[in-house]
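See structure below.
Everything numeric here is computed off the predicted structure, so don't read it as measured data.
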Amino acid sequence: DYVDLMFAPRSQHSAYLNCEGELNVDSQVRLVQTISQICNRCYNRTPIINNEMVNKNVLNAQNVKGRDLVVQQILDYAESNEIPCMAGYGQEVSIFKSVLSRTGLDMNPRTEDVGLNEVLDEIHIFIAGCEAGKRNFESLYQKLCAAPYGLRKGIIPILIAYELRQYKEGVVFYFKDKEMELTPSLLSALNESPANYQLLIETGTAEKEQYLSNLEKIFADNADARTTSINHIYSVVKSMQNWIRSLPEYTKKFKSYWENGESRTIEQQAENFRKELMKFEINSRELVFDSLLTIFGAQNELQLAVDGIRRCKEFFDGHIKNCKAEISKMLIALFMPGYQGGLAKSMMAWYKKLPESTKKHVFDSNSNALLGFASKISTYDDDAILDELMFEFASMEIEDWSDSLASNFIKDVADAIAKINDYHEDPVSGDNECMVSISLTGTKLEKTFSSSTISPLGKTVINNLRAVFDEYNGALETD
């Protein structure tokens, strides 16, 4: 009773202090609340793992065995897109679901738990730093067990295994300078004496990881949130495939392009890069660390591959835009040689200079279409006009074109312009000139055309028309 009188929270003789001074504690409930507030403030990055079988400092033999099975499962599926849970109802299944399934780490490299993400980042930084030289685990354990993480040792081997999986082939462990094999029991032994165990990552491992991170940034806009994977390599390749499949059909297959008015053939590196990504079945690791490095000659310097891939992506991304710009410049030169303005203005100026006799003349289908199109231009939106003109001649959007269709488009427009201009410069003599005049209420339309020998098929059409009119036996009147 005396002790309770002197030290109980409600006692007037007791006081509670922290580094900031005296605390306002006057009851047991208030004491518990204050302690909770202090813990929340100091350990605000502690991962939430709801499983007392593993989330404690010392595990019994049965729970250690269950944890080791979970670690082995992580290592066994290091190259897979996800880590499947074991079958059954043992401790290992419960531990797996608590640490991996409920946090989402079985299918994603990171989770919604900010504290858990930061713990994994700390482990990742430690592992990456082991490429420069051997490091023991003492500093890592001290950081993870201290504030703000306050991690209990029971789950640390699982999280280390999770971050080690991508380095699995390049990991070397040492126990007091003696090389050891990476096993679940070794990771479990870290808890007993982290200072006695050292880790070394083979040279180039960190560089490869940086290489993957750079590729991930390049194709970040094409990452598919619906297709999750714990395999970094697979995720990167999936984003690259999403990108290549999102490109227009023309961009996926073109072999040549225009640059400054001249036709150029696509570079071999770009062609090989596109060809590799267009394959239906892809071995992710082989593509990233073999095929792409060979294409860009970057076996000894991964940054060369990164630069080459970025350059190729920019080239293909800008293909349609650059193609339109080049076509627009060529069309302006055809309509108004030497003109420095836009496409709309050049077509308006060209059409305006044509004599009325030319505008009334009937040419072939392409020339007629061009004349009709130019006469109806009412906007200065060059992009819209170009799109409409290309569809007028090719009957499909440029995104679905081919190299031959692109060349034919320029040729057809050039031929149409030449025929129209030639008629203006060297009109057909009046003896061969014919005219059709149609008068409607308040409207009169006249069109001229050049006479020519009627073909056998044309004669057949005329005879058929005559036969149809004869069937009416004069019943038709002029009005």
Side-chain angles (χ1 to χ4, degrees), residues 248 250 257-263 318-430 433-450:
Y250 185 19
Y257 63 99
W258 289 294
E259 185 176 9
N260 297 325
E262 298 181 359
S263 179
H319 168 243
I320 295 297
K321 181 179 179 180
N322 293 336
C323 186
K324 286 184 176 182
E326 289 292 326
I327 290 176
S328 182
K329 288 190 289 187
M330 287 187 281
L331 292 179
I332 292 172
L334 290 172
F335 284 113
M336 297 289 291
Y339 184 69
Q340 299 299 316
L343 176 62
K345 192 64 178 177
S346 67
M347 292 185 70
M348 289 179 180
W350 170 76
Y351 183 79
K352 186 177 181 180
K353 288 184 178 182
L354 294 176
E356 288 301 318
S357 59
T358 301
K359 297 176 182 177
K360 292 180 179 181
H361 191 72
V362 177
F363 297 92
D364 59 75
S365 58
N366 282 342
S367 301
N368 291 335
L370 183 61
L371 272 176
F373 186 86
S375 67
K376 297 176 182 178
I377 294 177
S378 60
T379 177
Y380 293 97
D381 187 342
D382 289 345
D383 291 335
I385 289 175
L386 180 61
D387 287 339
E388 291 178 20
L389 183 61
M390 290 189 294
F391 191 84
E392 182 76 30
F393 274 75
S395 299
M396 65 174 64
E397 303 292 346
I398 188 173
E399 288 79 7
D400 295 318
W401 279 16
S402 62
D403 285 340
S404 59
L405 195 58
S407 298
N408 289 339
F409 169 73
I410 295 296
K411 181 179 181 301
D412 289 344
V413 175
D415 290 345
I417 293 174
K419 287 180 181 179
I420 295 171
N421 290 342
D422 288 345
Y423 176 81
H424 168 60
E425 294 175 358
D426 184 21
V428 180
S429 62
E433 190 79 359
C434 301
M435 176 182 289
V436 173
S437 179
I438 300 176
S439 297
L440 299 173
T441 304
T443 303
K444 184 177 182 181
L445 178 65
E446 293 183 348
K447 286 290 183 180
T448 62
F449 61 93
S450 301

key: Minimum-distance pair of heavy atoms, taken over all atoms of Trp258 and Cys323   = CZ3-SG, 4.2 Å

inquiry  = Would you compute the distance between atom NZ of Lys360 and atom CD of Glu356 and round it to the nearest 0.5 angstrom?
reply    = 6.5 Å

query = Would you call Met390 and Ile327 a side-chain contact if the rule is heavy atoms closer than 4.5 Å?
reply = yes

message = Are Leu389 and Phe409 packed together at the side-chain level, in the sense that at least one heavy-atom pair is separated by less than 4.5 angstrom?
response = yes

Minimal non-hydrogen separation, Tyr423 against Ser357, with atom names = CE2-O, 3.8 Å

remark   = Between the CZ atom in Phe393 and the CG atom in Asn408, the distance rounded to the nearest 0.5 Å is 12.0 Å

task = Would you indicate whether the side-chain heavy atoms of Tyr351 and Leu371 approach each other to under 4.5 Å?
result = yes

request  = Report yes if some heavy atom in the side chain of Asp400 is under 4.5 Å from a heavy atom in the side chain of Pro248; otherwise report no.
outcome  = no

request  = Starting at CG of Leu343, measure out to CG of Leu334 and round the result to the nearest 0.5 Å.
outcome  = 10.5 Å

task = Would you indicate whether Gln340, at its atom CD, is surrounded by more than 12 heavy atoms from other residues, nucleotides or ligands within a distance under 6.0 Å?
result = no

ask   = Are the side chain of Glu397 and the backbone of Phe391 linked by a donor-acceptor contact shorter than 3.5 Å?
value = no

ask   = Near Tyr339 OH, under 6.0 Å, is it more than 12 heavy atoms from other residues, nucleotides or ligands?
value = yes

query = Heavy atoms, side chains only, cut-off 4.5 Å: are Glu399 and Tyr250 in contact?
reply = no

note = Distance col, row Ser346:OG vs Lys329:NZ, nearest 0.5 angstrom, shows 14.0 Å

key: Note, Met396 side chain near Leu405 side chain (heavy atom, < 4.5 Å)   = yes

query = Tell me the side-chain hydrogen bond (donor to acceptor under 3.5 Å, both in side chains) pairs involving residues 363-376, sequence neighbours left out?
reply = Asp364-Ser367, Asp364-Lys419

key: Minimum heavy-atom distance between Met336 and Lys353, given as atom pair plus value   = CE-NZ, 3.5 Å

ask   = Do Met347 and Leu370 have side-chain heavy atoms sitting under 4.5 Å apart?
value = yes

query = From Phe363 CZ over to His361 NE2, what is the distance, rounded to the nearest 0.5 angstrom?
reply = 5.0 Å

message = So that I know where these two stand, are His319 and Tyr257 an aromatic pair - ring centroids less than 6.0 Å apart?
response = no

ask   = Could you walk me through whether Phe335 and Asn421 pass the side chain to side chain contact (heavy atoms under 4.5 Å, CB included) check?
value = CA-CA 10 Å; Phe335 284 113; Asn421 290 342; over 6 Å; no

request  = Decide, yes or no, whether a salt bridge links Lys324 with Asp387 under the criterion of side-chain N to carboxylate O below 4.0 Å.
outcome  = yes

request  = Please name all residues satisfying side chain to side chain contact (heavy atoms under 4.5 Å, CB included) with Asp383, sequence neighbours left out, ordered by chain then number.
outcome  = Asp381

request  = Supply the atom-to-atom distance Ile417 CD1 to Asp422 CG, rounded to the nearest 0.5 angstrom.
outcome  = 11.5 Å

remark   = By side chain to side chain donor-acceptor pair (under 3.5 Å), Asn322 pairs with (sequence neighbours left out) none

Non-hydrogen side-chain atoms of Ile385 and Tyr380 separated by less than 4.5 Å = no

